[in-house]
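In what follows, a single structure is set out as structure tokens and then discussed.
Just so you know, these numbers use all the heavy atoms, side chains as well, and skip hydrogens, waters and symmetry mates.
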Amino acid sequence: MFDVLIIGGGASGVSCALLLGSAHKKPFVQDKKIGIISHQKTSALQEALFNNAYGITSGKLGSELLTESLKQLHDLYPHVEQFENEKVVRIEGTFPNFIVFTNKNSYHAKNIVIAIGSSNTFAIEGVMEYVEPHRKAVAEKQRIQLKNEDHKVADGIYVAGTLAGHRSQLAIAAGSGAAVATDILTMWNFGISSQIHDSIRK
């Protein structure tokens, strides 16, 4: 049983996983099991080139970020379980007992973060009732989002990135994933606002 299972290996999903993984020394996180299904084949980053993203050297390819970010997650926080080359097809159950089915396996989770793109090919059974037209995308692109309030779709279900209704910018997607992570940390910390910062002073 995962305490949180993240679906999606792009900017928002991995950002969420990195922040949650970095909190492992906090007493309220030490016993938490975190996983990420890091499917990347359809990520918008595959064809991206970055010259205007904060903290990223100009000329960086999105395809490089995809592989480098998962390596960073693995190297720094190996306790975050990664499942590659699996695509989520169905979600069953309610909080705190979900079952996430992929094309290969099934996983139990108390909380789910859906962090995949906003393409209208989205087809995860069990959450289709939350699909609506994307409110900030150009109508001709037929993008979709999941109905949510500040990233929360329903009890135990969160959404991040463009699928949460944000515009398609790397910094926005990464920040959205981080925001969801801090909400989950706050929940685990009995409602006390929580975020994680490393410091050269520590």
Side-chain angles (χ1 to χ4, degrees), residues 1-21 32-45 66 69-70 73 80-137 142-168 170 172-185 187:
M1 172 67 77
F2 287 92
D3 289 279
V4 61
L5 185 60
I6 301 161
I7 301 169
S12 58
V14 179
S15 178
C16 184
L18 283 166
L19 204 150
L20 289 174
K32 297 297 188 282
K33 187 173 182 181
I34 304 164
I36 179 170
I37 298 173
S38 55
H39 188 269
Q40 297 181 328
K41 189 175 291 184
T42 58
S43 172
L45 292 182
L66 286 170
S69 62
L70 286 181
L73 179 64
V80 177
E81 294 188 50
Q82 294 189 38
F83 304 97
E84 299 180 22
N85 302 316
E86 294 188 37
K87 184 176 181 179
V88 173
V89 295
R90 187 168 83 254
I91 296 172
E92 292 183 358
T94 57
F95 175 78
N97 188 18
F98 294 102
I99 306 175
V100 176
F101 295 88
T102 73
N103 56 331
K104 298 180 181 179
N105 295 296
S106 63
Y107 305 94
H108 291 260
K110 295 179 182 178
N111 297 280
I112 298 167
V113 179
I114 305 175
I116 59 179
S118 56
S119 168
N120 62 3
T121 58
F122 180 91
I124 298 179
E125 294 179 32
V127 292
M128 296 303 293
E129 65 185 284
Y130 302 111
V131 171
E132 65 180 7
H134 200 289
R135 298 178 188 177
K136 293 183 178 179
Q142 298 182 324
R143 300 296 185 187
I144 59 98
Q145 65 179 59
L146 297 187
K147 297 175 186 176
N148 70 93
E149 185 172 336
D150 193 20
H151 296 105
K152 189 171 184 179
V153 176
D155 286 344
I157 302 177
Y158 300 84
V159 62
T162 57
L163 193 62
H166 296 297
R167 292 188 178 93
S168 180
L170 178 67
I172 296 174
S176 171
V180 170
T182 60
D183 287 344
I184 291 170
L185 291 174
M187 175 185 64

Which atom names give the shortest non-hydrogen contact between [X] and [Y], and what distance separates them?
{"X": "K152", "Y": "D155", "result": "NZ-OD1, 3.5 Å"}
{"X": "C16", "Y": "A181", "result": "O-CB, 3.7 Å"}
{"X": "I36", "Y": "A17", "result": "CD1-CB, 4.1 Å"}
{"X": "I99", "Y": "S106", "result": "CG2-CB, 4.1 Å"}
{"X": "A178", "Y": "S15", "result": "N-OG, 3.7 Å"}

Residue pair [X] / [Y], side-chain heavy-atom distance below 4.5 Å:
{"X": "E125", "Y": "V89", "answer": "no"}
{"X": "I6", "Y": "V180", "answer": "no"}
{"X": "V4", "Y": "I112", "answer": "no"}
{"X": "M1", "Y": "K110", "answer": "yes"}
{"X": "V131", "Y": "N120", "answer": "no"}
{"X": "L146", "Y": "F122", "answer": "yes"}

Quiz item: Do L20 and V80 pass the side chain to side chain contact (heavy atoms under 4.5 Å, CB included) test, and can you show the C-alpha distance, the side-chain angles, and the key distance before you say yes or no?
Solution: CA-CA 9 Å; L20 289 174; V80 177; 6.0 Å; no
Measuring from [X]:[atom1] to [Y]:[atom2], what's the distance to the nearest 0.5 Å?
{"X": "S168", "Y": "R143", "atom1": "OG", "atom2": "CZ", "answer": "7.5 Å"}
{"X": "H151", "Y": "I157", "atom1": "NE2", "atom2": "CD1", "answer": "15.0 Å"}
{"X": "I7", "Y": "K87", "atom1": "CD1", "atom2": "NZ", "answer": "12.5 Å"}
{"X": "L5", "Y": "I34", "atom1": "CG", "atom2": "CD1", "answer": "11.0 Å"}
{"X": "D183", "Y": "D150", "atom1": "CG", "atom2": "CG", "answer": "5.5 Å"}
{"X": "S12", "Y": "L163", "atom1": "OG", "atom2": "CG", "answer": "8.5 Å"}

Is it the case that the side chain of [X] and the backbone of [Y] share a donor-acceptor pair, with hydrogens and angles ignored and the cut-off at 3.5 Å?
{"X": "N111", "Y": "D3", "result": "yes"}
{"X": "K32", "Y": "L185", "result": "no"}
{"X": "H166", "Y": "K136", "result": "no"}
{"X": "N103", "Y": "E86", "result": "no"}
{"X": "Q82", "Y": "S38", "result": "no"}

Quiz prompt | Cation-pi geometry met for K147 and Y130 (6.0 Å, 45°) | solution = no
Practice problem: Sequence neighbours left out, what passes ring-ring contact (aromatic ring centres under 6.0 Å, His included) with F101? Give chain and number order. | Solution: none
Quiz prompt | Distance-only polar pair, side chains of H134 and T162, donor-acceptor under 3.5 Å | solution = no
Exercise. Can you label the angle between the Y107 ring and the F83 ring as parallel, tilted or perpendicular, going by 30° and 60°?
Key: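 Plane angle between 30° and 60°, so tilted.
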Quiz item: For atom CD of E129, is the number of surrounding heavy atoms from other residues, nucleotides or ligands below 6.0 Å larger than 12?
Solution: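 Correct, the count exceeds 12.
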Exercise. Let me see the working for I91 and I114 under side chain to side chain contact (heavy atoms under 4.5 Å, CB included), right down to the final yes or no.
Key: CA-CA 11 Å; I91 296 172; I114 305 175; 4.2 Å; yes
Exercise. Could you walk me through whether K104 and N85 pass the side chain to side chain contact (heavy atoms under 4.5 Å, CB included) test, one step at a time?
Key: CA-CA 9 Å; K104 298 180 181 179; N85 302 316; 3.9 Å; yes
